[in-house]
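A short worksheet on the structure shown next.
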Amino acid sequence: MVDSALVLSDSAPHCCIFGRAGKMSAIVARIGRQRQRYQDNLRLVSGCIPYRLKKVSDYHQGSIENRIEVLMVSSPNRNDLVFPKGGWEDDESVEEAACREALEEAGIRGILNETPLGVWEFRSKSRQEICSLEGGCRGYMFSLEVTEELEAWPEQENHCRRWVNIQEAFKLCRYEWMRQALERFLGVLTAETKLEVIGGPADSPLPADVVPDSTTMPPSCCITAPIPQQHPANIIPFSWMLTVKKFTLN
């Protein structure tokens, strides 16, 4: 079911739309952390796992893994692939932040499932090897069904995008929290499509190069954390158009 409560214009066929409908002439990525949200000394981050489903004729009946492709983006000055994510700022909702990061880093729009896949605490990539609490993040991850890919996007020079199947995505997840988010995503999508998963990812061995979280923070477990107030009273919400959909899991 599409929930139009967050639609801020007359029509919103996609999420992650800047400005008025049809006006995409000037998309500029946000820079700096002047509006960055923090909670419990952790930087709040929002991101998503973008995905698409192959047509029924392209997969073997009953195996959802053969239908799913997820989109990953490259990291600047690194060889690994990650899911689009970034800082959640104080003039936007957590859903809007996930959509904005998807557009800025991957050049995509789509339909966001407004129920988070989970909330994880981890360290920023640049702080993985430092034994301190600095660089701690609390990340809210969503799933995003991609409906449009732009030919050019704000951070194209720093982030290349790549579609991969679900098994390859598990192999590419360098961090344990990413694997957990991907497993949660697969479970949600399986419940939604009511297809039986054949050979689920739980039995797949952890790649040798997976980087565990620093011992100075809790292991990258999914935590229960309240979502902070979306818009402070003195902040005007950013005029995005956002379409989301709700899934209820049993």
Side-chain angles (χ1 to χ4, degrees), residues 6 8 12 14-19 24 26-39 42-52 70-76 78 80-126 135 137-150 152-163 169 172-175 177-178 181-182 184-185 227-228 230-231 237-244:
L6 295 176
L8 302 178
H14 310 292
C15 70
C16 311
I17 301 179
F18 285 76
M24 293 293 298
I27 306 176
V28 179
R30 293 188 176 191
I31 58 175
R33 295 188 178 179
Q34 294 85 353
R35 312 205 73 156
Q36 172 66 54
R37 292 176 185 257
Y38 292 89
Q39 186 181 62
L42 298 173
R43 179 178 177 236
L44 299 188
V45 171
S46 183
C48 66
I49 298 180
Y51 74 95
R52 65 187 180 188
V70 298
L71 187 68
M72 304 183 76
V73 295
S74 60
S75 299
R78 298 177 68 93
D80 54 349
L81 295 177
V82 297
F83 300 118
K85 69 181 187 306
W88 173 16
E89 301 192 347
D90 62 11
D91 64 341
E92 60 188 354
S93 70
V94 66
E95 297 90 355
E96 289 170 331
C99 285
R100 174 177 56 77
E101 291 294 337
L103 182 58
E104 291 180 356
E105 293 190 356
I108 52 175
R109 303 189 192 119
I111 301 173
L112 187 79
N113 181 345
E114 69 173 0
T115 303
L117 296 171
V119 186
W120 285 267
E121 291 185 0
F122 51 89
R123 299 174 64 82
S124 63
K125 294 187 293 292
S126 61
C137 299
R138 176 173 293 159
Y140 297 77
M141 293 297 293
F142 299 84
S143 60
L144 176 75
E145 182 179 4
V146 176
T147 59
E148 184 176 359
E149 296 180 56
L150 303 180
W153 58 97
E155 299 184 15
Q156 187 171 4
E157 292 185 359
N158 295 324
H159 298 285
C160 296
R161 61 192 180 195
R162 175 180 167 188
W163 286 102
L172 290 170
C173 288
R174 186 180 182 192
Y175 305 105
W177 75 266
M178 290 176 57
L182 195 56
R184 185 71 61 86
F185 158 77
I227 297 179
Q230 302 285 356
H231 296 295
F238 205 83
S239 58
W240 313 73
M241 293 187 292
L242 175 65
T243 298
V244 297

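All heavy atoms count here, side chains included; hydrogens, waters and symmetry mates do not.
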Which value, rounded to the nearest 0.5 Å, describes the distance between I49 atom CD1 and F142 atom CZ?
12.0 Å

R52: which residues meet the salt bridge (charged side-chain N to carboxylate O under 4.0 Å, His left out) condition with it, sequence neighbours left out?
E69, E149

Locate the shortest heavy-atom distance separating E105 from P84; write the atom from each residue and the value.
OE1-CA, 3.3 Å

Indicate the atoms forming the closest heavy-atom contact of M178 with L81, along with that distance.
CE-O, 3.7 Å

To the nearest 0.5 Å, how far apart are CG in L71 and CG in L144?
9.5 Å

Main chain of E89, side chain of R37: is a donor-acceptor contact present, judged purely on distance under 3.5 Å?
yes

Closest heavy-atom contact between W163 and P50?
CZ3-O, 4.3 Å

Using the test ring-ring contact (aromatic ring centres under 6.0 Å, His included), find all partners of F185 that sit at least two apart in sequence or belong to another chain.
Y51

Please round to the nearest 0.5 Å and tell me the distance separating atom CH2 of W120 and atom NZ of K85.
12.5 Å

To check you understand the geometry: which heavy-atom pair defines the closest contact between L150 and R161, and what is its length?
O-NH2, 2.7 Å

Could you list the residues that satisfy side chain to side chain contact (heavy atoms under 4.5 Å, CB included) with A97, not counting sequence neighbours?
S46, W88, E92, R100

How long is the straight-line distance from CD of E95 back to SG of C48, given to the nearest 0.5 Å?
12.0 Å

Would the distance check show the side chain of R35 and the main-chain N or O of D91 forming a donor-acceptor pair, the cut-off being under 3.5 Å?
no

Where A169 and V70 come nearest, the two heavy atoms and their spacing:
CB-CG2, 3.5 Å

Taking side chain as C-beta onward, heavy atoms only, is R162 less than 4.5 Å from M72?
no

Output the distance between atom CD1 (I108) and atom CD (E145), rounded to the nearest 0.5 Å.
11.5 Å

So CH2 of W153 and CG of L103: to nearest 0.5 Å the spacing works out to 10.5 Å

Side-chain donor/acceptor of R109 to backbone N/O of E148, under 3.5 Å
no

Exam field: side chain S143 to backbone N113, donor-acceptor pair closer than 3.5 Å
no

Nearest heavy atoms of G47 and A98, plus distance in Å
O-CB, 3.7 Å

